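Take a look at the structure set out below.
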2 protein chains.
Amino acid sequence: MSKKKLIMDKSLELFANQGFEATSVQQITDYCGISKGAFYLSFKSKDELIIALIDHFMQQLAADIDSAVTSSNSDDILYYFYHTSFQSFQNHANFVKILLNEQTHTFNDALLNKMRYYDRKTDQTILTMIEKVYGEAINNIKFDLILSIKGLINGYSGYLLFNRMEFDVDLISRSLVEKTDILAKNITMPFITEDNGKMFQQFQEEEVSEDNLLQLINTTIDELEDSIAKESLLLLKEQIRTPTYQQAIVKGLIENIKNLSQYKWLTHLLTKYFNIN
Amino acid sequence: MSKKKLIMDKSLELFANQGFEATSVQQITDYCGISKGAFYLSFKSKDELIIALIDHFMQQLAADIDSAVTSSNSDDILYYFYHTSFQSFQNHANFVKILLNEQTHTFNDALLNKMRYYDRKTDQTILTMIEKVYGEAINNIKFDLILSIKGLINGYSGYLLFNRMEFDVDLISRSLVEKTDILAKNITMPFITEDNGKMFQQFQEEEVSEDNLLQLINTTIDELEDSIAKESLLLLKEQIRTPTYQQAIVKGLIENIKNLSQYKWLTHLLTKYFNIN
DNA sequence: TATACTAATGACTAATCGGTCATTTTGTCA
DNA sequence: TGACAAAATGACCGATTAGTCATTAGTATA
């Protein structure tokens with residue numbers, strides 16, 4: 001395990017239990033069994049660490065949900081959406097705790113922007129989903145439906161987190177699918193009109209910047225043990241710097257990474273960058 | 001305006017914009033135009049300040065909602081519940097911001113307990129409300145209904161707060177009443193069973209401790225300009241220390257305070273303490 | 001073994017924090 | 001006016017923080 005990964009893993013625990021501001025760098029390094037200096041070899045600042053954490057998990061969550069939403073039948077989309085969300089919630093309870101705690105703190109502009117970005121991204125995913133499931137029928141209530149879905153997830157997450165409960169992902173998913181369906185088919189009095197809802201539309205997927213992509217590749221290479229996937233990534237990195245291979249080869253290399261479930265986001269970005277379908 | 005009130009007003013702004021931990025006592029006193037020493041004449045510590053803030057607003061909110069729920073017809077209860085909630089939200093946006101930010105921070109036990117206490121109180125109020133509106137019919141889904149209602153409020157509050165919008169309290173209330181009604185009448189697949197829902201029942205209204213009551217009276221006296229209400233409070237304070245007057249007189253004195261809308265909580269506690277109906 | 005390089009250390013700094021208290025200012029009596 | 005008390009001040013304290021950097025440990029090459 002790379003040092004960066006070690007710090008991220010351990011600090012996640014501490015942040016979740018004590019909050020971001022209340023956790024000192026000294027505490028993190030003690031807990032990791034490394035020196036303070038070593039911390040600053042991996043991260044330029046404490047802020048950079050929390051942003052890296054948020055990015056790491058949100059990218060994965062966004063990619064998981066996106067793939068669940070795009071790859072399932074119209075009938076099952078809602079179920080798989082909730083299932084993926086709460087499965088991820090169960091697997092990364094510590095991260096969710098940080099998210100709920102630090103959600104709108106203004107103290108760090110970069111952090112706030114990240115949060116906003118992912119919030120918008122979630123809106124967009126949900127919008128795509130409900131349009132796919134209900135089509136034109138819910139056009140005038142779609143923004144209320146988005147808020148209701150996010151609200152339900154929030155309400156139930158808070159309850160589960162507070163009670164530290166083991167829970168049945170299948171049951172909660174089916175229960176929330178029913179609620180969503182009930183709302184979608186019966187609401188007649190939306191609060192958010194098309195006009196107010198403009199902000200939901202404003203989201204544009206970011207350009208895949210070469211810098212960001214390279215940085216993400218480097219981080220991932222760092223995390224990986226020697227393997228075909230690592231070798232593929234190294235080759236793709238070269239390909240970005242100086243294009244050498246044909247599309248087919250590039251596609252094959254990306255396919256080698258696609259199989260690792262935790263790198264769906266990277267796969268997504270690579271596919272987009274190299275213009276592969 | 002008393003110094004305590006001044007500090008609470010000003011610090012509310014700062015906490016809302018920067019968070020609790022990120023705001024220093026020095027910053028608060030500078031913003032108030034007083035010295036650091038003066039701060040500690042009003043509050044024993046910084047923690048005591050945040051707890052006072054939370055108490056102040058939550059007591060008022062709880063009393064407002066409670067009176068809205070208990071004093072309206074079964075048909076209108078839901079509407080007045082949401083109306084009171086969002087009206088209060090609109091009037092005290094800064095406080096809501098703090099609540100959303102600091103909601104589950106563990107760093108301070110007393111604070112955490114306050115939060116939990118009021119969360120439970122909210123659950124209880126909502127439970128009473130939906131039982132009054134829907135009776136036995138929703139018995140098996142009532143806990144899901146509580147979570148859904150809290151979730152909806154949360155979802156819409158977050159949206160409104162984020163967009164810093166002026167909004168139509170009547171419209172959002174009617175819109176959420178409809179959603180609540182739709183859910184109450186159509187849910188067939190609850191996630192939380194009677195057994196899991198035990199925790200919702202555990203709430204017991206706190207005993208009215210003499211110390212707490214006296215402290216609240218003193219704070220309120222401090223806030224008030226000279227008036228009948230202030231005089232009444234001073235007399236009631238004496239009555240607690242050494243009972244002198246008959247029930248009728250006590251009841252009359254409490255009535256003098258009841259008329260001030262912002263002291264419903266105090267009225268409630270006094271009524272309970274003196275055993276008046 | 002000697003050299004060169006990187007990785008890792010932890011004592012240190014400057015700044016900031018919550019909280020204290022000797023001192024001064026202000027207000028109120030006779 | 002003068003004596004006294006209450007209110008208010010801000011320099012100061014010990015503790016803690018994020019971040020730095022001269023030094024050391026570890027490793028690979030010659």
Side-chain angles (χ1 to χ4, degrees), chain A residues 1-15 17-54 98 101-102 105-111 218-219 221-223 226, chain B residues 1-15 17-54 98 101-102 105-112 218-219 221-223 225-226:
Chain A
M1 182 152 50
S2 78
K3 190 137 293 168
K4 220 163 174 168
K5 190 82 195 323
L6 172 74
I7 293 172
M8 286 172 75
D9 279 353
K10 296 292 187 181
S11 66
L12 183 67
E13 276 183 60
L14 296 173
F15 288 157
N17 291 328
Q18 315 173 332
F20 176 68
E21 298 219 52
T23 304
S24 70
V25 173
Q26 189 69 60
Q27 219 176 335
I28 295 170
T29 56
D30 286 352
Y31 197 44
C32 290
I34 61 172
S35 71
K36 211 170 172 183
F39 175 92
Y40 285 95
L41 291 177
S42 291
F43 295 95
K44 264 184 279 186
S45 70
K46 197 182 159 191
D47 283 351
E48 204 187 78
L49 167 61
I50 185 83
I51 289 173
L53 275 175
I54 290 175
I98 295 180
N101 285 345
E102 235 73 33
H105 265 194
T106 325
F107 65 91
N108 184 323
D109 274 350
L111 182 56
N218 285 328
T219 312
I221 288 174
D222 214 38
E223 281 175 27
D226 282 333
Chain B
M1 179 153 49
S2 78
K3 189 136 296 169
K4 220 162 173 167
K5 191 82 197 324
L6 172 73
I7 293 172
M8 285 172 75
D9 279 353
K10 295 291 188 182
S11 65
L12 183 68
E13 275 184 61
L14 296 174
F15 289 158
N17 292 328
Q18 315 173 332
F20 176 68
E21 296 219 55
T23 304
S24 69
V25 174
Q26 189 69 61
Q27 218 176 337
I28 295 170
T29 55
D30 286 353
Y31 197 46
C32 290
I34 62 171
S35 71
K36 210 170 169 181
F39 174 92
Y40 285 95
L41 292 176
S42 292
F43 295 96
K44 265 185 280 186
S45 67
K46 197 184 161 193
D47 283 351
E48 205 187 78
L49 167 60
I50 184 81
I51 289 174
L53 276 175
I54 290 175
I98 293 179
N101 285 344
E102 237 73 33
H105 265 194
T106 325
F107 65 90
N108 182 323
D109 274 350
L111 181 56
L112 189 65
N218 284 329
T219 312
I221 288 174
D222 212 41
E223 281 174 26
E225 305 297 315
D226 283 333

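The structure presented is a predicted model; accordingly, all values stated were derived computationally and were not measured. By convention in this document, chain letters (A, B, ...) are assigned in the order of the sequence lines, proteins followed by strands, and residues within each chain are numbered from 1.
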Do any side-chain atoms of residues 31-44 of chain B form donor-acceptor pairs under 3.5 angstrom with protein atoms, and if so which ones, sequence neighbours left out?
from, atom 1, to, atom 2, distance (Å)
Tyr31(B), OH, Glu13(B), OE1, 2.7
Ser35(B), OG, Ala38(B), N, 3.2

Letter by letter from the 5' end, nucleotides 12-26 of chain C scores (B base, S sugar-phosphate only, - none; protein heavy atoms under 4.0 Å) -----SBBBB-----
Looking at every strand, decide which applies to Leu41(B) at a 4.0 Å heavy-atom threshold: base, sugar-phosphate, or nothing.
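Leu41(B): base contact, heavy atoms under 4.0 Å.
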Could you give the CD1-to-C1' distance, from Ile7(A) to dA7(C), as a whole number of Å?
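The answer, rounded to whole Å, is 13 Å.
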What are the two closest non-hydrogen atoms of Gln18(B) and Thr23(B), and how far apart are they?
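Shortest heavy-atom separation between Gln18(B) and Thr23(B) comes out as OE1-OG1, 2.9 Å.
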Pairwise distance [atom1]([X]) to [atom2]([Y]) - rounded to 0.5 angstrom:
X: Leu49(B); Y: Lys4(B); atom1: CG; atom2: NZ; result: 10.0 Å
X: Lys46(B); Y: Glu21(B); atom1: NZ; atom2: CD; result: 6.5 Å
X: Lys3(B); Y: Ile7(B); atom1: NZ; atom2: CD1; result: 7.5 Å
X: Thr29(B); Y: Leu6(B); atom1: OG1; atom2: CG; result: 11.0 Å
X: Asn17(A); Y: Leu12(A); atom1: CG; atom2: CG; result: 9.5 Å

Outermost DNA chain D nucleotides near chain B [under 4.0 Å, heavy atoms]:
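Both ends considered, the range comes out as dA8(D) to dG10(D).
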